[in-house]
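Below, chains carry the letters A, B, ... as their sequence lines are ordered, and counting in each starts from 1. Values reported hereafter were calculated over all heavy atoms of this structure, with side chains retained and with hydrogens, waters and symmetry mates removed.
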There are 2 protein chains.
Amino acid sequence: MTTPAAITLLAWDRLLGAGARALRTARAELKRAGLPPLEWYDILVALDRRGAMRPRDLQRVLDIEQYNLSRLLARMQRAGLVTVAPCLSDGRGQIVALTEAGVACRTAMWPAYAAAIHGSIEAPLEPDERIHLAGMLQKIA
Amino acid sequence: MTTPAAITLLAWDRLLGAGARALRTARAELKRAGLPPLEWYDILVALDRRGAMRPRDLQRVLDIEQYNLSRLLARMQRAGLVTVAPCLSDGRGQIVALTEAGVACRTAMWPAYAAAIHGSIEAPLEPDERIHLAGMLQKIA
DNA sequence: TGTATCTTGATGCAGCCGCATCGATCGACA
DNA sequence: TGTCGATCGATGCGGCTGCATCAAGATACA
């Protein structure tokens, strides 16, 4: 293992920097609009698109820690955005489903979120650059 | 403001995903080696390269929150990696400087950090791709 | 069937973060 | 010089994260 090349270090710094800044602006946009935290959105979308599912599956889809998801769902349940029902086919498990308020929340969050995405990715890059960027980020991930 | 294009959303997801995974592996690598958290490294490097400086300047260089830096420096001071002295030219301010242990720590952290960077950025990409990636990330940040 | 092992989800604890605010000092200006 | 607004850095508080662990149920297998 030799030390990484200079261009690699530059890319690393910018990857972390760009990621952090993108997250910050998205969170700020949501907060400014009085909306729930960013993390909730991914869960709302996943449940909306894939239908009700078990926490374990959500965890795999969203690449999130188990204990983190557990408490995240508890908060969202308290906020009335999801329901948690016992799983009939597995006594340990649960079925998490969106409520109407959950769907409405997903809808309400989108404009603020979209604005942040637009400002971070779409505005500063040409269309073909975005394609290129997505391609290279995929190779990383 | 129209809704972002599909490729934009893809790039967004992958930017956050790649950033999160890169951070996770770097942190894991450091922890596995019994080394301090990732955030400390940037401070050690900044102080090493630019010499002793005031927290306010560190804050601007590293793009970090004020209260966050304040507590970060307190921890590093407790660990003996930096010294904090009153600033002669400004009664409010301080001068933060590296100790020998701080320099040694920076050195000790590098191999683990470099391995994570190599695995995340250098290994999966061709040299010209890394140049391209760094360029586009710069336009974002 | 009975037992050992794995999986699922929750939680106590300590540490870090975000927010608001504070005390101290600085700089500008009448 | 005295006053006022700005800047610097610290900190109390509540919320979130990471870690280790737990209890309950599923699964495998003798």
Point to revise | 5'-most by nearest nucleotide on DNA chain C - B:S89 or A:G93 | key: A:G93
Exercise for review: Kindly assign one of parallel, tilted or perpendicular to the pair B:W110 and B:Y41, based on the angle between their ring planes and the thresholds 30° and 60°.
Suggested key: parallel
Point to revise | A:R56 (side chain) and C:dT8 (base): donor-acceptor pair under 3.5 Å | key: no
**Study point:** Side-chain heavy-atom pair B:R56, B:Q94 within 4.5 angstrom cut-off
**Key:** no
**Study point:** Nucleotide D:dG18, atom P - distance to CD of A:E39 in whole Å
**Key:** 11 Å
Point to revise | Cluster overlap A:L58 with A:V103, hydrophobic side-chain contacts below 4.5 Å | key: yes
Check your understanding: For A:R60 and C:dT8, what is the distance between atoms CZ and C1' respectively, to the nearest whole Å?
Key -> 10 Å
Review point. How long is the line joining CZ of B:R92 and P of C:dC22, in whole Å?
Key: 19 Å
Check your understanding: OP1 or OP2 of D:dC19 less than 4.0 angstrom from a side-chain nitrogen or oxygen of B:K31, does that happen here?
Key -> yes
Review point. Starting at CZ of A:R24 and ending at P of C:dC17, how long is that distance when rounded to a whole Å?
Key: 13 Å
Review point. Given atom CG of A:D57 and atom P of C:dT7, what is their separation to the nearest angstrom?
Key: 14 Å
Check your understanding: Within a radius of less than 6.0 Å around CZ of A:R50, do more than 12 heavy atoms belonging to other residues, nucleotides or ligands occur?
Key -> no
Check your understanding: Taking ILVMFWY side chains as joined if any heavy atoms are under 4.5 angstrom apart, and letting links pass through other members, which residues group with A:I131?
Key -> B:I7, B:L10
Revision key, fill the gap. Contacts satisfying side-chain hydrogen bond (donor to acceptor under 3.5 Å, both in side chains) that involve residues 71-90 of chain B (not counting sequence neighbours) are B:R54-B:D90, B:D90-B:R92
Review point. For B:W40 and C:dC16, what is the distance between atoms CH2 and C1' respectively, to the nearest whole Å?
Key: 12 Å
Check your understanding: Which residues, if any, of residues 64-80 of chain B bring a heavy atom under 4.0 Å of DNA chain D?
Key -> B:Q66, B:Y67, B:S70, B:R71
Practice item. Round to the nearest Å and state the distance from B:M53 atom CE to D:dG9 atom C1'. Key: 15 Å
Revision key, fill the gap. Between B:M76 and the options B:V82, B:T99, B:L47, the side chain to side chain contact (heavy atoms under 4.5 Å, CB included) test singles out B:V82
Point to revise | Interatomic distance, A:R27 CZ vs D:dG15 C1' [rounded to whole Å] | key: 13 Å
Exercise for review: Return no unless some side-chain N or O of B:Q59 is found under 4.0 Å from OP1 or OP2 of D:dC8.
Suggested key: no
